[in-house]
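What follows is a single structure, written as structure tokens, with notes after it.
Residue numbers run from 1 in the order of the sequence given. FYI, side chains are in, hydrogens and waters are out, and symmetry mates aren't considered; it's all heavy atoms of this structure. Each ligand, and each atom within it, is numbered from 1 in the order the structure gives.
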Amino acid sequence: MKYDLLVVGGGPAGLTAAIHARARDKSVLVISNKPTASPLCKAPPMANYPGLPGVTGLELVERLLAQARDMGAEFKTGRALSVMPMGSSVMVSVENDAVEGRAVILALGVSRAAPLRGEAELLGRGVSYCATCDGMFYRNKSVVCAGDAPNFAEEVEFLRSIGCQVTEARLPGMEILGTDRVSGVRTAAGEEIPCDGVFLLRSSIAPARLAPGLELEDGYIKADGRMSTGLPGVFAAGDCTGQPLQLAKAVGQGQAAAHFAIEGMA
Ligand SMILES: Cc1cc2nc3c(=O)[nH]c(=O)nc-3n(C[C@H](O)[C@H](O)[C@H](O)COP(=O)(O)OP(=O)(O)OC[C@H]3O[C@@H](n4cnc5c(N)ncnc54)[C@H](O)[C@@H]3O)c2cc1C
């Protein structure tokens, strides 16, 4: 099925975009890590959200989720790994599946993960972001897994089930070693672990890796007044577009991004 709108990220910006699109009778698929696992859901009662003083992060997300579901938005739980405009469509790969839309809104929040040394150079040459997508290449080989993805344990279990020898490591300070291909990692403590592959299973993918060609400014996605990123059919909203990193801005941009994405479909 080709959706009118794909939304990557189930935070306030993405859910507001989905609600607005459903109010305009457009089909919507929200692709996200479990929305109630986001850091916002740990927020204590908040004083500055207009109209709902004292609302907690979890309460707000649950109410937005219920509203989007009741209005007919569909949901797919998982990490989006790549976004590719293709003619009049945008394709988004989600773990080892792919979905198609007429437009996509990136509502990714802030990516807090700094790239590791060696990551960019060895991506696709031993470095992977998805075990269930690339695991078969490492059958019966040794791999290192690191990250905070909600499905980390399942991804590791999958690799073990196909015969990989898995070592789990911590992301911070890790360095990926190798020249043409991954040969190992060096941990923050200085320990060298030889391996054939490294799975970086983060909950978020840096915007420039997610959608090659995306223009960034100070590490945030550059979007114009219509929330367009400049890539055909690709819009952005919320914290991923930069300061202020606040709820009211996120929901406002989510609404605007959906409005202009739909306007472009006319
Ligand atoms: C503890 C805390 C307290 C806060 N208090 C306040 C406050 O009092 N007032 C205020 O205005 N703001 C507050 N904020 C900031 C506010 O939470 C953010 O501005 C707001 O959540 C931004 O919404 P968003 O939808 O842009 O991003 P987020 O809420 O970060 O949502 C992004 C979602 O996308 C998912 N995602 C990202 N990448 C991918 C991918 N590749 N595939 C699938 N899913 C993906 C994430 O897991 C997440 O669920 C607080 C934040 C925190 C953490």
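- By the 4.0 Å heavy-atom criterion, R79 is counted among the residues contacting ligand 1.
- The side-chain heavy atoms of L177 and V185, taken from C-beta on, include no pair separated by under 4.5 Å.
- Remark: R69 is positioned above the aromatic ring of F75, its terminal NZ or CZ atom under 6.0 angstrom from the ring centre and at most 45 degrees off the axis.
- Contact atoms of ligand 1 toward P39: 53 (C) (distance under 4.0 Å to a heavy atom of the residue).
- At the shortest separation from atom 3 (C) of ligand 1 among protein heavy atoms lies A43 CB, 3.4 Å.
- For atom 43 (C) of ligand 1, the closest non-hydrogen atom on the protein side is G78 O, 3.2 Å.
- Here K76 pairs with D97 in a salt bridge; the nearest charged N to carboxylate O distance falls below 4.0 Å.
- Of the protein's heavy atoms, D239 OD2, 3.3 Å lies nearest to atom 18 (C) of ligand 1.
- Contacts with ligand 1 closer than 4.0 Å are made by side-chain heavy atoms of N48 only, the backbone lying farther away.
- E62 and K34 are not joined by a salt bridge, as no carboxylate oxygen comes within less than 4.0 angstrom of a charged side-chain nitrogen.
- Protein heavy atom nearest atom 17 (O) of ligand 1, with residue, atom name and distance: L40 CD1, 3.2 Å.
- Close N/O approach between N33 and ligand 1 is found [any backbone or side-chain N/O within under 3.5 Å].
- The protein heavy atom nearest to atom 31 (O) of ligand 1 is G11 CA, 3.4 Å.
- Residue contacts with ligand 1, taken as heavy atom pairs separated by less than 4.0 Å, involve A80 via backbone and side-chain atoms alike.
- Checking atom 51 (C) of ligand 1 against the protein gives no heavy-atom contact under 4.0 Å.
- The protein heavy-atom contact nearest to atom 12 (N) of ligand 1 is L247 N, 3.6 Å.
- One finds a salt bridge joining R202 and E119 here, because a Lys/Arg side-chain nitrogen approaches an Asp/Glu carboxylate oxygen to under 4.0 Å.
- Of all atoms in ligand 1, listed by their number and element, those nearer than 4.0 Å to a heavy atom of G10 are 33 (C), 34 (O).
- Numbered from 1 in the order shown, with element, the atoms of ligand 1 that lie under 4.0 Å from a heavy atom of G238 read 26 (O).
- Heavy atoms from other residues, nucleotides or ligands lying under 6.0 Å from CG of D218 number 12 at most.
- In this structure, the protein non-hydrogen atom closest to atom 27 (O) of ligand 1 is G109 CA, 3.3 Å.
- Distance from atom 23 (O) of ligand 1 to its nearest protein heavy atom, with residue and atom name: P12 CD, 3.5 Å.
- With a 4.5 Å cut-off on side-chain heavy atoms, L40 and P12 count as touching.
- Near Q246, meaning under 4.0 Å from one of its heavy atoms, ligand 1 places the atoms 10 (C), 11 (O), 12 (N), 19 (O).
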